[in-house]
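Since we're looking at a predicted model, the values are computed, not measured. Chain letters run A, B, ... following the sequence lines, proteins first and then strands; every chain starts at 1.
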Amino acid sequence: MSAPTSDFLRVLTERGFIHQLSDLAGIDALAHEGRLTTYVGYDCTAPSLHVGHLLSIMMLHWLQETGAGKPIVLMGGGTTRVGDPSGRDETRRILSLDDIEANKQGIRQVFARFLRFGDAGRDALMADNAEWLAPLNYIEFLRDVGRHFSVNRMMSMDSVKLRLDREHELSFIEFNYMLLQSYDFVELHRRYGVRMQMGGSDQWGNIVNGIDLGRRMGTGQLYGLTAPLMTTASGAKMGKTAAGALWLNADQLAPYGYWQFWRNVDDADVGRFLKLFTRLPMDEIRRLEALSGQEINEAKKALASAATMLLHGEEAARLAARTAEQTFEQGVIAADLPSVDCPRADLEAGLAIGPAIILAGLAASNGEVRRAISNGAISVNDERVADDKRVLGTGDLSEGGVVKLSFGKKRHVLLRAV
RNA sequence: GGGGGAAUGUCCCGAGCGGCAAAGGGGGCGGACUGUAAAUCCGCUGGCUUAGCCUUCGUAGGUUCGAGUCCUACUUCCCCCA
């Protein structure tokens with residue numbers, strides 16, 4: 001691809017955000033003039049977004065930062081009632097309207113950390129497609145939008161084909177998702193002059209359909225840009241760990257856990273992630289990714305702190321870094337580790353190790369705890385537990401009135417006597 | 001509408017003569033080695049009050065001392081015919 005002239009595309013290219021774009025020159029020109037009003041849509045299927053969404057959030061961030069255009073965050077209040085089949089092989093559970101509304105509220109808060117909202121020209125704006133999708137009239141929609149879609153072509157789209165090939169059910173309601181998403185694009189153009197849609201590479205088909213529908217419905221030329229599918233160096237899809245999804249909301253995943261996630265990335269991912277998920281300047285990143293061997297841990301810490309700072313703020317990032325240092329480098333019990341309250345009376349009466357570990361959220365059943373103990377995975381106050389009959393008492397409390405429970409070397413929880 | 005095939009361990013794929021808590025992968029978790037990395041090796045990967053008991057093979061019944069396995073009905077998917 002020839003070199004872009006706009007800051008926006010230059011930054012995105014340089015930092016590795018671009019997988020596919022519909023028309024480099026067209027996008028570049030609009031970005032150059034600062035008229036590239038762009039939207040990204042987010043489902044409201046969970047109470048928080050997770051790391052997988054971060055990529056597109058960062059793209060919106062750079063859009064605003066480079067002055068390329070107005071970022072629009074589209075909440076899928078309407079489309080979530082239908083369910084996007086892209087990248088899934090299971091029928092999505094239909095959420096109640098209340099759930100969707102609650103999820104929407106949860107998701108909202110994250111964007112304020114990455115975007116500047118307001119009424120001025122390039123201030124970010126948040127929209128909800130329930131606003132125009134909910135009142136749609138079926139007959140009119142079929143007539144105005146439906147007629148532009150070819151079932152033949154829809155059948156050949158990856159999201160549909162995958163379901164068909166794997167012999168999984170694809171309900172009619174989900175089959176319609178791409179019509180709605182395409183229509184969103186058109187509607188956003190009409191309302192806010194949106195010119196481009198961004199998303200993950202799995203959204204390419206939906207985006208292209210939107211561009212197409214726009215042409216047929218008279219929006220003029222629309223554009224699309226997708227980011228590469230985020231995988232780790234080992235090929236795993238990013239966003240989930242044993243502890244659950246890597247949520248962005250602090251009440252779902254504490255800053256410490258978030259920091260730990262970035263601290264533990266694969267060596268091979270450090271440079272790429274620094275570019276994608278932090279705002280560190282490129283020459284600093286080049287210096288960090290040149291580190292090798294033991295030294296690359298410096299780069300990982302920088303990544304963890306920079307990424308955590310972006311999402312949770314400077315103070316939270318500093319605290320997480322300190323907690324990690326105390327826990328992993330100094331071997332002392334850091335007061336800020338995740339903690340769970342435990343009635344003092346339980347400890348006085350003697351609390352068996354199994355229920356204690358479960359209470360701490362480190363395991364799901366006694367059986368799992370027992371197996372973990374036989375694997376040498378469980379520690380109390382950094383002392384390996386050998387006997388699954390081990391009972392915790394007040395004698396295990398350290399000065400701070402806590403017992404440190406560990407599952408493996410990395411997952412630590414403090415049991416706080418209250 | 002007719003005919004044939006399929007559904008397995010609630011992550012995925014996938015074996016399974018009527019004695020099955022159910023082979024084997026992948027993935028995940030833990031241990032060793034390291035650097036809170038990767039690779040490698042080893043262990044674990046239904047629940048419980050664990051010499052035992054309970055719940056699991058699409059759903060509901062049935063046959064049998066005993067059913068993932070056989071029979072019937074239903075649900076969903078695939079293929080062929082119309």
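Across the interface with RNA chain B, nearest-nucleotide mapping of A:W259 and A:A372 shows A:A372 to be the residue nearer the 5′ end. In terms of position on RNA chain B, the residue among A:N264 and A:A377 whose nearest nucleotide sits closer to the 5' end is A:A377.
For A:D267, whose side chain is taken as the heavy atoms from C-beta onward, the closest listed nucleotide among B:G35, B:G30, B:U34 is B:G35. When each of B:G30, B:U36, B:G31 is scored by its nearest atom to the side-chain atoms of A:R384, the top-ranked nucleotide is B:G31. Out of B:G43, B:C29, B:A37, the shortest distance to the side chain of A:N375 is found at B:G43.
Comparing B:U69 with B:C57, their C1' atoms are spaced 10 Å from each other, to the whole Å. Separating the P atom of B:U36 from that of B:G46 is a span of 31 Å, rounded to the nearest Å. With P as the reference atom, B:C11 and B:U45 are 15 Å apart, rounded to whole Å. If you take atom P in B:C41 and the same atom in B:G47, they sit 27 Å apart, rounded to whole Å. Comparing the P positions of B:A82 and B:A21 gives an interatomic distance of 48 Å, to the nearest angstrom. When the P atom is used for both B:C80 and B:U63, the distance is 39 Å, rounded to whole Å. On the P atoms, B:C71 is 11 Å away from B:G18, given to the nearest whole Å. Distance check on atom C1': B:A32 versus B:A15 gives 32 Å, rounded to whole Å.
For B:C41, the paired nucleotide is B:G31, the pair qualifying as Watson-Crick or G-U wobble because both relevant distances are below 3.5 Å. Checking B:U50 for Watson-Crick or G-U wobble geometry (two distances, each under 3.5 Å) identifies no partner in any strand. Across every strand in view, B:U63 sits unpaired, with no contact that passes the Watson-Crick or G-U test at under 3.5 angstrom. In this entry B:C77 has B:G5 as its Watson-Crick or G-U wobble partner, both defining distances falling under 3.5 Å. Across all strands shown, B:U69 remains unpaired; no Watson-Crick or G-U wobble contact has both distances below 3.5 Å. Figure legend. B:A22 is base-paired to no nucleotide; pairs are counted as Watson-Crick or G-U wobble with both atom distances under 3.5 Å.
What separates CD of A:E295 from P of B:A37 is a distance of 18 Å, to the nearest Å. At whole-Å resolution of the value, CD in A:E298 and P in B:A37 are 15 Å apart. Look at CD1 on A:I296: it is 12 Å from P on B:A38, rounded to the nearest Å. Between the CD atom of A:E289 and the C1' atom of B:A37 there is a distance of 16 Å, given to the nearest Å. The distance from atom CD1 of A:I378 to atom C1' of B:C44 is 12 Å, rounded to the nearest whole Å. The separation between A:W262 atom CH2 and B:U36 atom C1' is 16 Å, rounded to whole Å. Rounding to whole angstrom units, CD of residue A:Q294 and P of B:A37 are separated by 11 Å. As rounded to whole Å, 13 Å separates atom C1' of B:G35 from atom CG of A:L291.
Counted by atom type alone, A:Q181 and A:Q197 present one or more donor-acceptor pairs between their side chains at under 3.5 Å.
Salt bridge annotation for A:R390-A:E383: absent, with no cationic side-chain nitrogen under 4.0 angstrom from a carboxylate oxygen. For A:K104 and A:D128, the salt-bridge test passes: some basic side-chain N is under 4.0 Å from an acidic carboxylate O. Between A:E187 and A:R190 a salt bridge is recorded (basic side-chain N to carboxylate O distance below 4.0 Å). In this structure, A:R286 does not pair ionically with A:D283, as no charged nitrogen and carboxylate oxygen lie closer than 4.0 Å.
Between A:L49 and A:I57, some side-chain heavy-atom pair lies under the 4.5 Å cut-off.
Within the cation-pi definition used here (under 6.0 Å to the ring centroid, within 45° of the axis), A:R279 qualifies as a partner of A:W62.
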Protein-nucleotides 46-48 of chain B N/O pairs under 3.5 Å:
{"residue": "B:G47", "atom": "OP1", "partner": "A:S365", "partner atom": "OG", "Å": "3.0"}
{"residue": "B:G47", "atom": "OP2", "partner": "A:R371", "partner atom": "NH1", "Å": "3.3"}
{"residue": "B:G47", "atom": "OP2", "partner": "A:R371", "partner atom": "NH2", "Å": "3.4"}
{"residue": "B:C48", "atom": "OP1", "partner": "A:N366", "partner atom": "N", "Å": "2.9"}
{"residue": "B:C48", "atom": "OP2", "partner": "A:G367", "partner atom": "N", "Å": "2.9"}

Before giving the answer on salt bridge (Lys or Arg N to Asp or Glu O under 4.0 Å), spell out for A:E368 and A:R371 the whole-Å C-alpha distance, their side-chain angles and the decisive distance to 0.1 Å.
-> CA-CA 5 Å; A:E368 188 182 345; A:R371 284 191 296 268; 5.7 Å; no

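Residue A:V270 is classed as having no contact, given no heavy-atom separation below 4.0 Å to the nucleic acid.
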Which pairs of donor and acceptor atoms, one on a side chain in residues 309-318 of chain A, lie under 3.5 Å apart (sequence neighbours left out)?
{"residue": "A:E315", "atom": "OE1", "partner": "A:R318", "partner atom": "NH2", "Å": "3.2"}

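Syn is the glycosidic conformation of B:C20, whose angle stays within 90° of 0.
Checking the phosphate oxygens (OP1, OP2) of B:U34, no side-chain nitrogen or oxygen of A:K409 falls inside 4.0 Å.
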